[in-house]
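As structure tokens, the structure follows; a few thoughts come after it.
Indexing begins at 1, ligand by ligand and atom by atom, following the structure's order.
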Amino acid sequence: MTATLSRSTFTGLRCKECGHPYEAGARHVCEDVCFGPLEVVYDYDAIRSRVSRATIEAGPTSIWRYREFLPVEGEPIDVGTGFTPLLKADRLARRLGLSSLYIKNDGVNMPTLSFKDRVVSVALTRARELGFTTVSCASTGNLANSTAAIAAHAGLECCVFIPSDLELGKVLGTLVYNPTLMAVKGNYDQVNRLCSEVANTYGWGFVNINLRPYYSEGSKTLGYEVIEQLGWQLPDHIVAPLASGSLFTKIRKGFDEFIKVGLVEEKPVRFSGAQAEGCSPIAQAFAAGRDFITPVKPNTIAKSIAIGNPADGPYAIDIANRTGGTIAAVTDEEIIDGIKLLAEMEGVFTETAGGTTIAVLKKLVEQGKIDPSETTVAYITGNGLKTTEAIASSIGAPYTIEPQLASFNAAWAQSQASHGSKAAPA
Ligand SMILES: *Cc1c(COP(=O)(O)O)cnc(C)c1O
Ligand SMILES: [Zn+2]
């Protein structure tokens with residue numbers, strides 16, 4: 001591996017709190033000093049000398065076009081993850097009263113239709129490099145889908161853990177890859193605690209536990225892509241969902257790195273976060289002006305972002321505060337309305353996490369916390385076909401008709417009669 005090592009641009013790990021250095025193995029906490037989280041360290045001079053807008057544009061249409069910014073040494077596992085559409089959302093913008101709104105649509109990410117494919121592509125590439133043959137995760141649903149799928153592609157053994165009350169689409173979307181799936185009778189935080197014990201006992205590569213420093217770097221690509229897709233510019237304001245808070249903090253890191261190596265001109269970007277009221281420990285801390293998290297017990301339809309004790313919560317609060325953003329929560333009803341609004345205005349069907357983002361976006365515009373002239377990017381992180389239970393009773397039913405013109409005529413007349421009220425503003 002030494003030959004490839006010299007090509008890599010990352011130099012090791014470092015404690016995010018005290019700065020203590022560690023070798024780039026499978027570890028995630030500062031065991032020697034303060035038990036803070038570990039982060040990947042890069043040689044930015046090396047990156048600057050190797051990377052330009054042109055080299056990136058000539059790269060693959062996946063996250064691996066940014067491989068110099070990712071913590072891998074050799075050949076990546078490239079399953080086409082990343083470079084998802086950045087959609088100019090003019091109809092939704094007009095409805096909300098904004099002038100420049102974009103939807104970053106990771107609901108069509110490859111291979112499993114959520115942003116988690118980014119973090120898992122990076123984590124499993126690193127897992128393979130570190131010699132792991134069995135990989136695992138503690139998941140709220142999407143992570144299990146991604147880990148099982150990409151492990152299957154890479155020929156790695158896989159055992160994943162989920163809470164037992166997940167949506168059918170998330171369960172089937174894991175089982176089809178034939179991993180070992182453990183459905184734990186408990187919430188995500190209990191699943192996570194169990195997995196920490198399993199990680200210590202079994203020596204597996206847990207993408208979001210002992211491989212977490214590598215895993216979380218995958219989310220930076222959601223920052224890079226938006227910059228590139230906006231024509232090498234930063235937006236003014238971003239809105240993203242918060243579970244552990246990792247994604248949110250890594251979009252910020254992605255922006256900062258592109259500024260640091262001269263790929264984009266610096267300007268202020270406001271960071272606003274979205275949570276479901278039924279699991280909003282970060283929004284609650286933000287509202288109370290606290291910089292620490294009081295854990296909660298999740299109870300919301302937004303299961304993919306239902307983490308009651310979010311590890312990166314304090315960092316997310318710090319970013320929202322420093323950038324002039326905010327962190328807000330919405331009810332389950334508002335989340336369903338958010339899913340429907342995005343579908344009807346833009347033709348994008350998102351899951352409950354995306355409904356949360358759209359509902360918070362709407363709320364922030366109404367509260368004057370997003371300026372109508374700001375270029376705003378809303379991050380849609382998952383696909384609606386995985387959480388159909390959440391909206392099944394809140395959307396219309398088809399007209400069931402006979403295969404005869406008369407039957408259609410009657411149903412069409414009925415639909416036209418009810419269309420007026422359906423299309424009226426809420
Ligand atoms: C996991 C997840 C998130 C947020 O994850 P973080 O833990 O905050 O990084 C957002 N949306 C969806 C759909 C997810 O699955
Ligand atoms: Zn430390």
Side-chain angles (χ1 to χ4, degrees), residues 13-22 27-39 84 104-109 112-120 123 137-147 162 166-167 169-170 173-174 188-189 192 207-209 212-213 215-220 222 239-253 271 273-276 279-283 293 301-313 315-317 319 327 335 339 350-358 360 378-387 390:
L13 301 174
R14 177 170 65 204
C15 175
K16 207 170 163 176
E17 288 298 319
C18 76
H20 191 74
Y22 291 87
R27 51 164 58 94
H28 68 299
V29 287
C30 180
E31 286 150 4
D32 295 352
V33 187
C34 76
F35 293 97
L38 302 186
E39 221 185 5
T84 54
K104 178 60 174 169
N105 187 10
D106 257 15
V108 295
N109 205 1
T112 70
L113 312 178
S114 88
F115 107 86
K116 291 294 197 306
D117 293 329
R118 297 174 185 275
V119 283
V120 173
C137 66
S139 172
T140 56
N142 285 315
L143 186 57
N145 295 175
S146 288
T147 303
I162 54 171
L166 287 191
E167 303 91 341
K170 300 268 168 82
T174 298
Y188 172 80
D189 300 279
N192 193 39
V207 299
N208 58 340
I209 301 178
R212 192 173 178 84
Y215 157 98
S216 58
E217 291 291 286
S219 293
K220 295 188 307 186
L222 269 173
V239 183
L242 305 167
S244 71
S246 173
L247 160 69
F248 191 75
T249 62
K250 293 295 176 167
I251 294 171
R252 178 73 249 178
K253 187 173 180 188
F271 272 63
Q275 293 210 291
C279 184
S280 51
I282 309 177
I293 301 292
I301 59 167
K303 295 174 194 285
S304 60
I305 51 171
I307 296 185
N309 190 11
D312 291 303
Y315 299 116
I317 291 170
I319 288 170
I327 298 173
I335 291 168
I339 293 173
T350 186
E351 67 148 77
T352 45
T356 306
T357 302
I358 296 300
V360 164
Y379 281 92
I380 296 303
T381 47
N383 191 294
L385 288 171
K386 293 197 206 181
T387 63

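- Ranking protein heavy atoms by distance to atom 4 (C) of ligand 1, first place goes to Ala243 CB, 3.6 Å.
- Counting heavy atoms under 4.0 Å from ligand 1, residue Glu351 touches it through the side chain alone.
- Between Ala353 and ligand 1, no N or O atom pair is found at a separation short of 3.5 Å.
- Look at Pro241 and you'll find a heavy atom under 4.0 Å from some atom of ligand 1.
- Put simply, the residue from Asp117, Asn383, Thr174 that forms a side-chain hydrogen bond (donor to acceptor under 3.5 Å, both in side chains) with Asn145 is Thr174.
- Atom-to-atom distance recorded for Thr381:OG1 and Ile305:CD1 is 7.5 Å, nearest 0.5 angstrom.
- When every heavy atom of Asn208 is checked against every heavy atom of Ala138, the shortest pair comes out as ND2-O, 2.7 Å.
- Seen from the Zn ion (ligand 2), atom SG of Cys34 and atom SG of Cys15 lie 100° apart in angle, a value rounded to 10°.
- With respect to atom 14 (C) of ligand 1, the closest heavy atom belonging to the protein is Lys116 NZ, 2.9 Å.
- Contacts between Phe248 and ligand 1 below 4.0 angstrom, taking non-hydrogen atoms only, are absent altogether.
- Using a 3.5 Å distance cut-off with no hydrogens or angles, the side chains of Asn105 and Thr84 do not pair a donor with an acceptor.
- Using a 4.0 Å cut-off between a side-chain N of Lys or Arg and a carboxylate O of Asp or Glu, Glu351 and Lys303 do not qualify as a salt bridge.
- Of all protein heavy atoms, the one closest to atom 11 (N) of ligand 1 is Thr381 OG1, 2.7 Å.
- Residue Phe248 forms a ring pair (Phe, Tyr, Trp, His ring centres under 6.0 Å) with just one option from Tyr379, Phe271, Tyr315, and that option is Phe271.
- With a 4.0 Å heavy-atom cut-off, ligand 1 is reached by the side chain of Ile305 but not by its N, CA, C or O.
- Counting only heavy atoms of the protein, atom 7 (O) of ligand 1 lies nearest to Ser244 OG, 2.6 Å.
- In this structure, Glu39 CD and Glu17 CD are separated by 10.0 Å, a value rounded to the nearest 0.5 Å.
- The heavy-atom pair separating Ala144 from Ile162 by the smallest distance is CB-CG2, 3.7 Å.
- Because the distance cut-off is set at 2.8 Å, Cys30 qualifies as a neighbour of the Zn ion (ligand 2) through one of its N, O or S atoms.
- Closest approach of Thr357 to Ala240, counting heavy atoms only: OG1-C, 4.3 Å.
- Taking atom 9 (O) of ligand 1 as the reference point, the nearest protein heavy-atom neighbour is Leu247 N, 2.9 Å.
- Near Asn142, the atoms of ligand 1 lying under 4.0 angstrom from a non-hydrogen atom of the residue are 13 (C), 14 (C), 15 (O).
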